[in-house]
Number of protein chains: 2
Amino acid sequence: MAVMTEQAQPPRRRARAPRERSRTSHSIDAVIAGAIEILDESGSQGLTTRALATRLGGGPASIYWYVSGREELLDLAADSVLGGVLAAVSDVGREGSGDPIENVRTIAVAMFDVIVDRPWLGAYAMRNTARQVHSLQLYEKLGEQIMRLGLSPRDCFHATSAIVGFVIGTAADMGQQLPPEVASGDVGRDEYLAGAVHQWRALDPEEYPFIHHIVDEFAGHDDRDQFRAGLDLLLDGLHLSAGR
Amino acid sequence: MAVMTEQAQPPRRRARAPRERSRTSHSIDAVIAGAIEILDESGSQGLTTRALATRLGGGPASIYWYVSGREELLDLAADSVLGGVLAAVSDVGREGSGDPIENVRTIAVAMFDVIVDRPWLGAYAMRNTARQVHSLQLYEKLGEQIMRLGLSPRDCFHATSAIVGFVIGTAADMGQQLPPEVASGDVGRDEYLAGAVHQWRALDPEEYPFIHHIVDEFAGHDDRDQFRAGLDLLLDGLHLSAGR
DNA sequence: ACCTGAACACCGTTCAAGT
DNA sequence: ACCTGAACACCGTTCAAGT
């Protein structure tokens, strides 16, 4: 998790029930929900002030009453989605139940799954605890499990940060920047992968022995498996260091 | 490492020595070098077509002769910096020298260090092996060390990807989005951290026991230490799985 | 308190034209 | 082959004004 930003909060309020129907009326929740819809449909690039305003049925300037700008909107949208993850894992590790490392695994996988499906999320998840309450709570929740391993505060801090970094980083990387044709589903991901595979196979085996060694694995790989395998390594290392 | 992109190469050539001085004349290398300068000075946001053209002393359209667009420019700039890392670690693990896991650590740390100093790099490093040759070679180099551990191709693939994912992800996360005042050095990073720390201390200790447990560590932490600690966990896990 | 419309300053990219 | 200038279509954000 990176450093956290601004303390100052923008003047944001909930909208009340509209009295007259003469003008459109929003609420932060509606704004964020609209933003998430657009983001899911067309990615970070698709979320423009005007596109969101149109979807909400108002003018582009209205959004600025709820949000200080585009960056904050993205942060809030990301945090809203992570709120869903938080709710989904709310029972994990309750009152010290379950094996802490297994609990960490469960939470991490839940986070990963949600980010991989929403490539736009990677860049904005858990990066500003000041405005991202759910992110903070997820960080807390992971940390609480790791605390149970009896490590020093320093090791606790490092381990938790490593896991969050790995989850977000890997998910962001995997979801990242598939060229637009792929992202919009025009070209199948499989055909796309096949292109990279073809390219790798054409490399000189003397110069690229490793690439050739793993190209078949790459060709048939599943992002989730790959993530889980990496997480296993990290958690094995954690398990080991908890035993010392 | 994410999926790789396009096979098609844009029509890029080297410029010859200018015959007349009437017009400015570039070269890809000059274009990329100029881009890196701007990126280092003012981040990804600062790299506009016009800013780069001005620095090169020409019109904004000239860049498009060397590069298909902004995205490719960023990819090439990132890869150029990683080329430096590749050169710096070229002797690591030569002809099977050294302990493979130590070699992986060395390479990973070198990558991390370069990315943390250049926050813009995180988002573009190692994401497109078609245009990023040095990234591919770095991936290969890490992979070759891991091959020496005697794992299956699949485990090899997973382990290498996990390490790359961790390095890039963590570095990107840490370098990310310090608010502009901080990025430009106006506000000290320490004072900035202090703000987040203050905020964390104000949280309810009943609700956030973990945050309170580690807040002092967070307050005085060093990004490099934090990264290395996480890398240790990962490599410990790898060591373990190589022994099975 | 909340929304509007129009405007401002900027951006990436294209293209016909020059050398 | 390589560069230019001007234009196009778009963007985030602001602001005076409305309700």
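So you know, we letter chains A, B, ... as the sequences are listed, proteins then strands, and number each from 1.
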Checklist entry - Taking the side chain of B:Tyr64 as its heavy atoms from C-beta onward, which of C:dC3, D:dC3, C:dT13 lies nearest to it? => result C:dT13
Checklist entry - Closest to the A:Thr24 side chain: D:dT13, C:dC3, C:dT13? => result C:dC3
Next on the checklist: Counting Watson-Crick and G-U wobble pairs with both distances under 3.5 Å, what is the dot-bracket string for DNA chain D, 5' to 3', using [ ] for crossing pairs and | for pairs to another strand?
Outcome noted: ||.|||||...|||||.||
Checklist outcome for this item: Considering only heavy side-chain atoms of B:Trp65, the closest of D:dA1, C:dC3, D:dT13 is D:dA1
Checklist entry - Between D:dG12, C:dT13, D:dC3, which one does the side chain of B:Ser62 approach most closely? => result D:dC3
Item to check | Residue mapping more 5' on DNA chain C - nearest nucleotide basis, A:Gly57 or A:Arg50 | outcome: A:Gly57
Checklist entry - Would you call B:Glu71 and B:Arg127 a salt bridge, using N to O less than 4.0 angstrom? => result yes
Checklist entry - B:Ile28 CD1 to D:dC2 C1': how many Å, rounded? => result 13 Å
Checklist outcome for this item: With the side chain defined as heavy atoms from C-beta on, A:Arg70 is closest, among D:dG12, C:dT4, C:dC2, to D:dG12
Checklist entry - Please give, in whole Å, the distance from D:dT14 P to A:Ile63 CD1? => result 13 Å
Item to check | Nearest-neighbour nucleotide for the B:Ala61 side chain, D:dG12, C:dC11, D:dT4 considered | outcome: D:dT4
Checklist entry - Which residues satisfy the side chain to side chain donor-acceptor pair (under 3.5 Å) test with B:Arg224, sequence neighbours excluded? => result B:Asp113
Checklist entry - So, B:Gln132 side chain and B:Asp75 main chain: donor-acceptor pair closer than 3.5 Å or not? => result yes
